[in-house]
2 protein chains.
Amino acid sequence: MTARKGKNPSELEIFRDFLKHQGMRYTPERETIIREIFSTHEHFDVDSLYLSIRQKGHRISKASIYRLIPLLIQANLIEEVFFEKGQMHYEHIYGHEHHCHLRCKQCSKIEEFSDHRVAQIEQDLEKRFGYKVLRHRLDVIGLCKSCQKKAAESS
Amino acid sequence: MTARKGKNPSELEIFRDFLKHQGMRYTPERETIIREIFSTHEHFDVDSLYLSIRQKGHRISKASIYRLIPLLIQANLIEEVFFEKGQMHYEHIYGHEHHCHLRCKQCSKIEEFSDHRVAQIEQDLEKRFGYKVLRHRLDVIGLCKSCQKKAAESS
DNA sequence: GGCTTATTGACATTGAATAGCAATTTCTTT
DNA sequence: AAAGAAATTGCTATTCAATGTCAATAAGCC
Ligand SMILES: [Mn+2]
Ligand SMILES: [Mn+2]
Ligand SMILES: [Zn+2]
Ligand SMILES: [Zn+2]
């Protein structure tokens with residue numbers, strides 16, 4: 001809630017405020033992890049995040065990542081994207097347009113899209129069920145062009 | 001593909017054909033599990049399914065359930081619904097209208113709904129990205145009426 | 001600086017999901 | 001109907017993502 005000066009606060013500022021508000025502490029480990037998450041637009045899982053942090057020479061334990069993720073979700077900085085091969089996958093959402101995912105069942109390729117009709121559906125749901133909608137997750141599963149071609153050739 | 005006689009084949013008939021087509025075998029254990037899954041419209045996880053099967057006096061191992069689920073998904077009889085508290089949750093889809101889920105973040109209450117606009121979105125995605133869409137999953141997360149009330153009272 | 005207490009990293013533990021295997025059972029073939 | 005090949009079962013052991021424990025450390029407040 002400390003959005004001074006009209007400028008958009010950075011994810012680090014947001015998170016620092018969040019921590020203070022909760023009586024928690026801002027540490028170099030947390031900063032390093034957040035910087036890494038926001039350094040690309042890629043989706044990530046704990047393992048891939050851990051590896052890319054280590055590759056840059058930082059020495060952070062996996063436990064710290066596991067402990068940080070729920071806090072980042074609470075602070076609305078990241079979101080669960082999908083659960084695949086036994087692991088949860090995430091992406092950072094702060095500073096990016098909300099979007100949904102079109103995924104290839106075969107090769108796991110992902111296209112991102114957004115569609116205003118989903119917001120309309122949400123509004124109708126609020127009226128119809130009396131829920132207060134917080135967010136949504138629309139995953140569309142299909143076959144990408146090249147996987148369709150492969151499937152056609154092998155038949 | 002053995003839809004003879006105009007009548008809709010039962011889930012057991014569907015699955016029997018599926019197994020034959022794959023060179024697999026139809027067993028009493030598989031039949032028991034499928035009957036249980038299709039005996040209600042409830043969502044289920046492996047544990048709850050196992051318990052309700054045991055409560056009816058059947059003696060089936062959990063391993064058989066874990067092994068059957070991927071087959072039922074392949075045969076389009078069930079689908080993953082959501083991943084929560086470390087477990088995947090499923091529902092049977094054969095014989096029921098497709099629907100999406102509106103879930104309360106607080107109390108996990110679930111409303112089911114369907115909206116034709118999602119199908120329109122799918123069509124647009126096929127054109128735009130060249131994917132062949134197979135299915136979708138739209139989860140809307142929010143606060144149900146009573147959880148909103150509770151939240152308002154405690155502030 | 002000094003004090004309180006959250007956080008870290010190392011290690012142990014949990015628990016869903018999977019793998020291995022011998023005893024059965026299904027299902028095709030005579 | 002009996003036999004044989006191969007899939008399935010139930011058991012156990014194993015994997016591995018995620019969580020818990022705890023002493024040492026470090027952040028944040030005075
Ligand atoms: Mn994305
Ligand atoms: Mn449902
Ligand atoms: Zn593909
Ligand atoms: Zn609720």
Side-chain angles (χ1 to χ4, degrees), chain A residues 2 12-13 15-37 43-54 57-75 78-90, chain B residues 2 12-13 15-37 43-54 57-75 78-90:
Chain A
T2 316
L12 289 174
E13 290 172 317
F15 194 57
R16 197 194 292 262
D17 284 358
F18 171 85
L19 289 175
K20 181 170 284 180
H21 190 257
Q22 310 266 324
M24 296 172 174
R25 294 172 185 176
Y26 190 78
T27 68
E29 289 82 4
R30 287 174 171 171
E31 180 172 326
T32 300
I33 297 167
I34 296 174
R35 278 191 194 285
E36 182 59 33
I37 290 174
H43 301 157
F44 64 93
D45 54 64
V46 169
D47 236 65
S48 65
L49 178 57
Y50 176 71
L51 288 177
S52 55
I53 288 173
R54 293 230 116 205
H58 300 110
R59 199 159 279 281
I60 304 241
S61 77
K62 231 178 244 189
S64 291
I65 297 177
Y66 276 112
R67 282 184 292 232
L68 181 57
I69 282 178
L71 301 181
L72 294 175
I73 291 176
Q74 265 190 76
I78 70 170
E79 238 176 29
E80 296 185 344
V81 182
F82 52 82
F83 184 80
E84 198 178 62
K85 288 176 202 143
Q87 301 169 269
M88 187 57 76
H89 293 246
Y90 307 88
Chain B
T2 316
L12 289 173
E13 290 172 316
F15 193 58
R16 197 194 291 263
D17 285 357
F18 171 84
L19 289 175
K20 181 168 286 182
H21 190 257
Q22 309 264 326
M24 296 171 173
R25 293 172 185 175
Y26 190 78
T27 67
E29 288 81 4
R30 286 173 173 174
E31 180 172 324
T32 300
I33 298 167
I34 295 174
R35 278 190 194 287
E36 183 59 33
I37 289 173
H43 300 157
F44 65 93
D45 54 64
V46 169
D47 236 65
S48 65
L49 178 58
Y50 176 71
L51 288 176
S52 54
I53 288 173
R54 294 229 116 206
H58 300 110
R59 199 159 278 282
I60 305 243
S61 78
K62 231 179 243 187
S64 293
I65 297 177
Y66 275 113
R67 283 184 292 231
L68 181 58
I69 282 177
L71 300 181
L72 294 175
I73 291 175
Q74 266 189 75
I78 70 171
E79 240 177 28
E80 297 185 343
V81 182
F82 52 82
F83 184 80
E84 198 178 62
K85 287 174 201 144
Q87 302 169 267
M88 186 56 76
H89 294 246
Y90 307 87

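Below, chain A is the first sequence line, B the second, and so on; all start at residue 1.
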Given that A:I60 and B:K85 both sit by DNA chain C, which one's nearest nucleotide is further toward the 5' end? A:I60

base_contact_polar (D:dG10 base, B:R67 side chain, donor-acceptor, <3.5 Å): yes

For the side chain of B:M24, counting heavy atoms from C-beta on, which of D:dT8, D:dG28, D:dT21 is nearest? D:dT8

To the nearest angstrom, how far is A:I65 atom CD1 from C:dA10 atom P? 13 Å

Over 60° means perpendicular and under 30° means parallel, so classify the ring planes of A:H43 and A:F82, tilted if in between. perpendicular

Specify the closest pair of heavy atoms between A:I60 and A:Y50, including all atoms of both residues, with the distance to one decimal. O-CE1, 3.1 Å

So A:F15 and A:L68, do their side chains get closer than 4.5 Å, heavy atoms only? yes

Side chain to side chain donor-acceptor pair (under 3.5 Å), that's the test. Do B:R30 and B:Y26 meet it? Break it down for me. CA-CA 7 Å; B:R30 286 173 173 174; B:Y26 190 78; over 6 Å; no

Output yes when at least one side-chain N/O atom of B:R30 is less than 4.0 Å from OP1 or OP2 of D:dT9, else no. yes

Whole-Å distance between D:dA17 C1' and B:M88 CE? 14 Å

Taking 4.0 Å as the cut-off, does a side-chain nitrogen or oxygen of B:T27 come that near to OP1 or OP2 on D:dT9? yes

Distance-minimising heavy-atom pair for A:E80 and A:I73: CG-CD1, 4.2 Å

Can you confirm whether B:K62 sits close enough to B:D47 that some side-chain heavy atom of one is under 4.5 Å from a side-chain heavy atom of the other? yes

Is the closest side-chain heavy-atom distance between A:R35 and A:L12 below 4.5 Å? yes

Specify the separation, in whole Å, of atom CD of B:Q87 and atom P of C:dG15. 11 Å

So, is B:Y66 close to the C:dA17 phosphate, meaning a side-chain N or O under 4.0 Å from OP1 or OP2? yes

Which listed nucleotide (D:dA17, D:dG10, C:dG9) is nearest to the side chain of A:A63? C:dG9

With five pairs defining each end axis, the helix from C:dG1-D:dC30 to C:dT30-D:dA1 comes out bent, to 10°, by 40°

Across the strands shown, which category fits A:R59 at heavy-atom distances under 4.0 angstrom: base, sugar-phosphate, nothing? sugar-phosphate

Nearest to the side chain of B:S61, which nucleotide is it out of C:dA17, C:dT8, D:dG10? D:dG10

Quick one: A:L49 CG to D:dA18 C1', roughly how many Å, whole number? 15 Å

Could you tell me the separation between the CD atom of B:E29 and the P atom of D:dC11, rounded to a whole number of Å? 11 Å

Under-3.5 Å donor-acceptor pair between A:R25 side chain and C:dT5 base: yes

Starting at the 5' end of DNA chain C and moving along, which residue's nearest nucleotide shows up first, B:K62 or B:P28? B:K62

Whole angstrom is fine here: how far is it from NE2 in A:H58 over to C1' in C:dG9? 17 Å

Flag the pair B:R54 / B:R59 as yes when at least one side-chain heavy-atom distance between them is below 4.5 Å, and no otherwise. yes

Distance, rounded to the nearest Å, where A:I69 contributes CD1 and D:dA17 contributes P: 13 Å

Would you mind reading off the distance between B:D45 atom CG and C:dG15 atom C1', rounded to a whole angstrom? 13 Å

